[in-house]
Amino acid sequence: MSTPERPKQMLALTAEQTMLQLTATRASGERFDAPIVVANARHADMIEEQLAGVGCRPQALILEPIGRNTAPAIALAALCASEPDAPLLVMPSDHVIEDVEAFRTAVQTALPMVEQGWLVTFGITPDAPETGYGYIKVGEPIQQGVHRVDRFVEKPPREVAEAMLASGDHAWNGGIFLFRADAFLQALAQHEPAMLDAVRRSIADGERAGTHIRPSTLAFSEAPNQSIDYAVMEKSDRVAVVPVAMGWNDVGSWDALHSISACDKAGNAIRGEVIALDTSNCLARSDGVRIAMVGVSDLIVVASGNDVLVLPRGRSQEVKALLEAMKNTGS
């Protein structure tokens, strides 16, 4: 269902609102300024339409000419912030946070350290030895609810993930950050000066029309393609983590979506035109054609446009291999 034309962020996967809309409303109200949105240029109209649907008007819509990972994208936002020392709450727009108040409380907990120039990340309280997530080793406390980051851990093998979960001093790295714009740019200048230079030039050489900012393709393409973790967070010495349990999920698979969806008495998560008889523990959704299921269990069935996906629950990570096979057959 997620395509280059309409990626996961633009889909209503977990609620009536799309994931982009849910992210925008998560940071709305008097404590928050209008958002800065960094996105692919091809999605500009869709983003404005969806944000308008929840009464949100971004202060800037920065339209990347090409993808360059999270560090250059966040640098664009930091350079376009309304004030140099403005605290930036960096949120991927394809995550689920069920307990929004817990998230907002964590943000407030982090702010005093952010005002002192610290770079803060939010550590998700883990409930399973997930191998698809990065981890943060939580260090000594530096104020109530805020700890130093001992180290970042790349996606681990299962036995390492189990040991980290058992230790009780590791959190999932959810990719959500809070820091002053100038503090992030100073760290980038120290650790990745070529990236900062390329992003600065891309804005200087780019175009502005109202709230739309279109960085120069040539200059932006010269920015190293690096994540914020690799470029800055793993190298800086003033990095803190706020551990928080807030019902976070990155909805990286259909299995993950089933686990957080409202289910009927038989354990089925159903959306769209679906008939399910004597069916249990399935996820079924359609954005068009009718799905009919009888006498089955533990399946994922998705119909979108002309495509139908059928696979057992527990194997939805293999969709990536399936997409590659479809490319190779010209489908």
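All values below were derived from every heavy atom in this structure, side-chain atoms included, with hydrogens, water molecules and symmetry-related copies excluded.
In this structure, the separation between CD on Glu318 and CD on Glu324 is 14.0 Å, given to the nearest 0.5 Å. Taking CD of Glu162 as the start and CD of Glu130 as the end, the distance is 11.5 Å to the nearest 0.5 Å. With values rounded to the nearest 0.5 angstrom, Arg201 atom CZ is found 4.5 Å from Asp197 atom CG. How far CD of Gln186 is from CG of Leu196: 10.5 Å, rounded to the nearest 0.5 Å. Considering NE2 of His170 and CZ of Phe152, their distance stands at 11.5 Å, rounded to 0.5 Å. Atom OG of residue Ser280 and atom CE of residue Met293 lie 9.5 Å apart, to the nearest 0.5 angstrom.
With a 4.5 Å cut-off on side-chain heavy atoms, His147 and Pro243 count as touching. Inter-residue side-chain proximity for Ile136 and Thr121 is flagged as met; some heavy-atom pair is nearer than 4.5 Å. Side-chain contact between Met10 and Glu5 is absent, with no heavy atoms from C-beta onward closer than 4.5 Å. Put simply, the side chain of Val239 does not reach to within 4.5 Å of the side chain of Arg148, judged on heavy atoms. For the pair Ser286 and Val302, the minimum side-chain heavy-atom distance is 4.5 Å or more. Thr109 is listed as a side-chain neighbour of Val146, based on a closest heavy-atom distance under 4.5 Å. Contact of the Leu299 side chain with the Val296 side chain is registered, since non-hydrogen atoms from C-beta on lie closer than 4.5 Å.
In this model, no donor atom of one side chain and acceptor atom of the other lie less than 3.5 Å apart for Glu48 and His43. Ser167 and Asp169 share a donor-acceptor pair across their side chains, judged by distance under 3.5 Å alone. Residues Gln50 and Thr18 have side chains that bring a donor and an acceptor to within less than 3.5 angstrom of each other. Between Asn268 and Asn281, the side chains place no donor N or O within less than 3.5 Å of an acceptor N or O (distance only, hydrogens not considered). A donor-acceptor pair shorter than 3.5 Å can be found between the side chains of Ser316 and Asp255.
Atom CD of Glu154 is surrounded by 12 or fewer heavy atoms from other residues, nucleotides or ligands within 6.0 Å. Other residues, nucleotides and ligands contribute only 12 or fewer heavy atoms inside 6.0 Å of the CD atom of Gln144.
Counting only distance, with no hydrogens or angles, the side chain of Arg271 and the backbone of Asp287 share no donor-acceptor pair below 3.5 Å. Ser304 places no side-chain N or O within 3.5 Å of a backbone atom of Asp307 that could act as its donor or acceptor partner. Looking at Thr279, its side chain never comes within 3.5 Å of a backbone N or O of Ala276 through a donor-acceptor pair. The closest donor-acceptor contact from the side chain of Arg290 to the backbone of Gly272 lies at 3.5 Å or more, if one exists at all. When atom types are taken as modelled, the side chain of Arg26 and the backbone of Arg104 share no donor-acceptor pair closer than 3.5 angstrom.
Under the 4.5 Å side-chain heavy-atom criterion for grouping Ile, Leu, Val, Met, Phe, Trp and Tyr, Leu119 is not connected to Val107 through any hydrophobic cluster. Under a hydrophobic clustering in which Ile, Leu, Val, Met, Phe, Trp and Tyr are joined whenever their side-chain heavy atoms come within less than 4.5 Å, directly or via other members, Val301 and Ile275 fall into different clusters. When hydrophobic clusters are built by joining Ile, Leu, Val, Met, Phe, Trp and Tyr residues whose side-chain heavy atoms come closer than 4.5 Å, directly or via intermediates, Tyr230 is not grouped with Phe184. There is a path of hydrophobic side-chain contacts, each under 4.5 Å, that joins Trp172 to Ile176. Residues Met46 and Leu51 are members of one and the same hydrophobic cluster, defined by side-chain heavy-atom contacts under 4.5 angstrom among Ile, Leu, Val, Met, Phe, Trp and Tyr.
Among residues two or more places apart in sequence or in another chain, the salt bridge (Lys or Arg N to Asp or Glu O under 4.0 Å) test is passed with Asp298 by Arg313.
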Using distance only, find each side-chain donor-acceptor pair of residues 55-70 under 3.5 Å and give its atom names and separation, not counting sequence neighbours.
{"residue": "Gln59", "atom": "NE2", "partner": "Ala34", "partner atom": "O", "Å": "2.6"}
{"residue": "Arg68", "atom": "NE", "partner": "Ser221", "partner atom": "O", "Å": "3.4"}
{"residue": "Arg68", "atom": "NE", "partner": "Ala223", "partner atom": "O", "Å": "2.9"}
{"residue": "Arg68", "atom": "NH2", "partner": "Ser221", "partner atom": "O", "Å": "3.0"}
{"residue": "Thr70", "atom": "OG1", "partner": "Ile228", "partner atom": "N", "Å": "2.8"}

**Report entry** Steps toward side chain to side chain contact (heavy atoms under 4.5 Å, CB included) verdict (Leu322, Leu309)
**Finding:** CA-CA 10 Å; Leu322 188 61; Leu309 170 73; 3.4 Å; yes
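Checked options Phe103, Phe122, Tyr133; the residue passing with Trp248 is Tyr133 (criterion: ring-ring contact (aromatic ring centres under 6.0 Å, His included)). The side-chain hydrogen bond (donor to acceptor under 3.5 Å, both in side chains) test with Lys235 is passed by exactly one of His191, Gln190, Glu192: Glu192.
Checked for salt-bridge contact, Glu83 and Arg180 miss the test: no charged N lies under 4.0 Å from a carboxylate O.
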